[in-house]
Amino acid sequence: MPVTSNACAESIHVVTFLQRRIGAGAAIGFWRQRDPRRTMPHDPDPPPAKRFKPGSVFFRLERNKPGMLLPRKGNVTTPIEVQRKQLPIYQAKPQLVTQLRQLSNAIVIGETGSGKTTQIPQYLYEAGIGRQGMIAITQPRRVAAISLAGRVSEEKRTQLGKLVGYTVRFEDLTCSETKLRFMTDGMLLREAIGDPLLLRYTVVVLDEAHERTVHTDVLFGVVKAAQRRRRELNKIPLKVGCGWLVIVMSATMDVDLFSEYFNKSPVLYLEGRQHPIQIYYTKQSQSDYLQAALVSVFQIHQEAPASHDVLVFMTGQEEIEALARTCRDIAKHLPDGCSPMVVIPLYASLPPAQQLRVFQPAPKGCRKVILSTNIAETSVTISGIKYVIDTGMVKAKRFNPDSGLEVLAVQRVSKAQAWQRAGRAGREDSGSCYRLYTEQEFDNFIPMTVPEIQRCNLAGVMLQLMALGIPDVMNFDFMSKPSPEAVRSAVEHLELLGALERKNGQVVLTALGKKMASFPLEPRYAKTILLSPDFSCSDEVLSIVSLLSVDTVLYNPPARREEVLAARRKFTSSEGDHMTLLNIYRAFKKVSGNKVGLGGGSQRDGEVFAGCTMTRRATCPPLLQEWCRENFVNSRNMGLVKDVQAQLRDICLKLNLKLESCGADTGSVRRCLAHGMFVNAAELQPDGSYLALDTHQPVAIHPSSVLFQGKPAYVVFNELLHTSRCYMRDLCLVDADWLLDAAPEYFGRKLRLSKS
DNA sequence: GAGCACTGC
């Protein structure tokens, strides 16, 4: 029986089913305990250090703002020095420092929150290792970089931004005194473009390396090359530089792969205190994991004390909201004597205020059940979780280099991911993890999640590598090589944009490509900006590209559809979605009086809520907030647009681009978009359907587009989204002549193909 | 007439 949300009859059905199933105790046999001979797993699945223990709590509850968690200012009763000595890593300090002093590479494995990230940089500094330069500690997420810097500067009893600082996009809190620099991996990578040898640093610590973000993966190669190159330079009699060390630290990872890649680097394990987690598998394979999740929630609810919270890992917003409604319905009809239940959904696109609900304790005698996406795997840490229910499924993006299509699909998690999820049950105390699959099924999961670099569009990565001066991008030293097709497809795409050219059989960066690489943008957006002065519309194009680089500024609550449509009508442009967005942005700026009221250089852009940025500091004036509410515009993302635009504008100025507005002449903006995005063009067919001009695959206008009702002859689009059909999203009306003009040779070829 | 997980520069 499917878990559906709205049908009352059906939920009653579910109640009866559950009462039959749990009330009578029939469900006791639903679960099978893990084979006792197999205790907690060990190397390599997962590595020995990955047993579960509580993370050190770095956050405190803000009194004035209920539910808000901020970095802990230190325990009043326990001095900070004592706290540091209580960390498990402290026992290993002498050996650790001795090892790190001798080694040029080390892989340190320790649990998240065990203190490795806060302590190792300090140990290095205190031991005088790498004093000649800076120690960089990279993080995949900005909040982590910010909060860790805060904690360490506090431990060093210095002002944040002096000895200890952080660098993330839009924010750099460091100075000439800074020795310990926490930063996002993307920032270090960007810095490497200007300084491939990373000469300002004596030590680079790549934290959370097991997450294998694209940035970390590229950094592996960059850091390794810089290390080798610097060693070569040190052979020159006039010795420059000093001890140079790379540490890769992570909780769960493929140790052999890492060690092998970093020249057979030694692996140091940091064991810590841990809480056991009991793992349960289902006896039989579950064909409907949502139904199984529902049964499990209520089984736990019946059997466990109400103070024990439950965290359920699911795949997305829609199924989370549906299951939440079903759970609430059933909870209302439970027999007397059963504790009440609060059901809280958690996913990234949820408004900040609602996300905060997961941190609020449930009323006494009431059980908290959190239904979450994998945001709760790494980005948000919730205390008090005693039970984890793991559906074993995740929604993940995959890229097909042949079609250029990214597909978001529900798929099995990896073993590493399943362990990560289980670990969420044992952060403060022992816990249980109910896996909605059999142990045999688990044994067949892939060991590690496929690194992002093998799943994404590589055009941006390849451009960045070229800009880093990597002589042979096709054979870059990746820890996990992307497929040759993906590399070839990316190189072809960049050639088409004019960023790369072939010289004597080698692919080299063009002058245009070099400029493109200086923008933190997808290559085609960078190209469009660089073209914009030719059409005298750089102002407009900067705004449009900024609007396209944030999540979405449009807020679409389904329940208020009519209101949304009415509010949006006044901005709608018959020329397409880009122009509509531009109209909204122009109106927003008019109301904001062009003042930097949101974001802005010196503003901290986010508060830290237990490891998750949830709101921008509310500097948005009330009037502007009201305007956003009335017009169904996401004010937080609109603030980000302003930050992005300011950054892009700075880059344009550095490149001496002429910044000017075309005013009401929107034709030139569309002309510019046609020239920048010609690869993403589609043509209306006689039968009313559309064909993408590059691959000749059938495509359709996404119903969310303002052009959905119309039938424009030619459009350029932002992206293709493959769901029930292949949809074009964010469209702009263009002339066929402009496309031909933009790439005569390319379209000459395409059109000939199209006709034949 | 659809519906998108999560990051990051």
Side-chain angles (χ1 to χ4, degrees), chain A residues 138-145 167-172 183-194 208 211-219 313-322 346-350 372-380 391 393-398 406-411 413 417 420 449 451-453 455-456 460-461 463-464 467 516-523 525-526 545-546 549-552 554 556-558 561 565 605 611-613 640 643-644 647-648 650-651 700-705 707-709 719-729:
Chain A
T138 70
Q139 293 291 325
R141 282 170 290 279
R142 358 178 340 129
V143 251
T167 306
V168 298
R169 191 183 188 184
F170 308 129
E171 248 186 295
D172 182 10
M183 61 205 300
T184 45
D185 46 15
M187 281 308 281
L188 186 60
L189 196 54
R190 202 134 269 285
E191 212 180 305
I193 294 181
E208 308 288 4
E211 288 190 24
R212 305 293 303 270
T213 66
V214 182
H215 290 154
T216 307
D217 263 37
V218 177
L219 271 179
F313 281 104
M314 305 177 58
T315 69
Q317 173 176 351
E318 207 172 286
E319 73 181 29
I320 285 173
E321 292 292 357
L346 176 66
Y347 43 88
S349 61
L350 209 61
S372 173
T373 61
N374 46 353
I375 190 172
E377 256 171 44
T378 47
S379 304
V380 178
T391 58
M393 307 303 279
V394 67
K395 208 176 273 186
K397 207 170 231 179
R398 273 181 290 194
E406 289 184 318
V407 184
L408 201 58
V410 172
Q411 55 198 36
V413 296
Q417 222 172 341
Q420 177 73 27
T449 309
E452 201 185 349
I453 196 126
R455 291 185 284 127
C456 73
V461 172
L463 182 64
Q464 214 157 10
M516 281 165 65
S518 52
F519 288 94
L521 292 169
E522 279 181 52
Y525 291 156
V545 167
S546 308
S549 20
V550 307
D551 232 12
T552 172
L554 307 179
N556 294 313
R561 230 178 76 97
L565 286 175
D605 90 310
C612 181
T613 301
L640 269 173
D643 283 344
V644 174
Q647 188 188 30
L648 299 181
D650 279 352
I651 297 169
I701 299 179
H702 195 275
S704 66
S705 171
L707 295 180
F708 181 67
Q709 306 286 356
E719 60 170 357
L720 283 179
L721 175 76
H722 192 95
T723 50
S724 57
R725 298 166 77 182
C726 200
Y727 285 107
M728 301 179 275
R729 290 222 310 190

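Only this structure's heavy atoms are used, side chains among them; waters, hydrogens and symmetry mates stay out. Note on naming: letters A, B, ... go to the chains in the order of the sequence lines (proteins, then strands), and numbering restarts at 1 for each one.
A heavy-atom distance below 4.5 Å is not found between the side chains of A:Leu346 and A:Thr373. Between A:Phe313 and A:Gln420, every side-chain heavy-atom pair lies at or beyond the 4.5 Å cut-off.
Regarding A:Tyr347, its OH atom lies at a distance of 10 Å from the P atom of B:dC6, rounded to whole Å. Atom CG of A:Asp643 is separated from atom P of B:dG8 by 14 Å (rounded to the nearest Å). Rounded to whole angstrom, the span from the CD atom of A:Glu171 across to the P atom of B:dC9 amounts to 10 Å. Atom CD in A:Gln417 sits roughly 10 Å away from atom C1' in B:dC6 (whole-Å rounding). Here the C1' atom of nucleotide B:dT7 and the NZ atom of A:Lys395 are 17 Å apart, to the nearest Å. In this structure, CD1 of A:Ile701 is placed 13 Å from P of B:dG1, rounded to the nearest angstrom. Here B:dC9 presents its P atom at 9 Å from CD of A:Gln647, a figure rounded to the nearest Å. Spacing between atom CG of A:Asn374 and atom P of B:dT7 amounts to 9 Å, rounded to whole angstrom units.
Judged by closest nucleotide on DNA chain B, A:Val394 is the one of A:Val394 and A:Pro520 placed further toward the 5' end. Both A:Ala396 and A:Pro140 lie near DNA chain B, and the one whose nearest nucleotide falls closer to the 5' end is A:Ala396.
Counting only heavy atoms from C-beta on, A:Pro703 has its side chain closest to B:dG1 among B:dC6, B:dC9, B:dG1. Comparing B:dC9, B:dG1, B:dT7 by their closest approach to the side chain of A:Arg141 singles out B:dT7. Between B:dG1, B:dC6, B:dC9, one nucleotide has an atom nearer to the side chain of A:Met187 than all others, and that is B:dC9.
With respect to A:Lys397 and A:Glu452, no salt bridge is recorded, no charged nitrogen being found less than 4.0 Å from a carboxylate O.
Contact annotation for A:Thr213: no contact, since no heavy-atom pair falls under 4.0 Å across all strands. Residue-level contact check: A:Tyr727 touches the backbone only, with heavy atoms under 4.0 Å from sugar-phosphate atoms and none from bases. Heavy atoms of A:Arg561 sit under 4.0 angstrom from at least one base atom. Residue contacts for A:Gln317: at a heavy-atom cut-off of 4.0 Å it reaches the sugar-phosphate backbone alone, with no base atom in range. Within the nucleic acid shown, A:Leu189 has no heavy atom closer than 4.0 Å to any nucleic acid atom. Residue contacts shown for A:Gln139 are absent, as no nucleic acid heavy atom lies under 4.0 Å away.
For A:Ser704, no side-chain nitrogen or oxygen approaches OP1 or OP2 of B:dG1 to under 4.0 Å. The side chain of A:Thr373 contributes an N or O atom lying less than 4.0 Å from OP1 or OP2 of B:dC6. Close to B:dG1, at under 4.0 Å from its OP1 or OP2, lies no side-chain N or O of A:Arg725.
When the side chain to side chain donor-acceptor pair (under 3.5 Å) test is applied to A:Glu319, the partners found at least two apart in sequence or on another chain are A:Tyr289, A:Thr315. Remark: A:Tyr347 engages no residue in a ring-ring contact (aromatic ring centres under 6.0 Å, His included) (not counting sequence neighbours).
A:Glu211 pairs with exactly one of A:Asp185, A:Thr449, A:Thr378 by the side-chain contact (heavy atoms from CB on, under 4.5 Å) rule, that one being A:Thr378.
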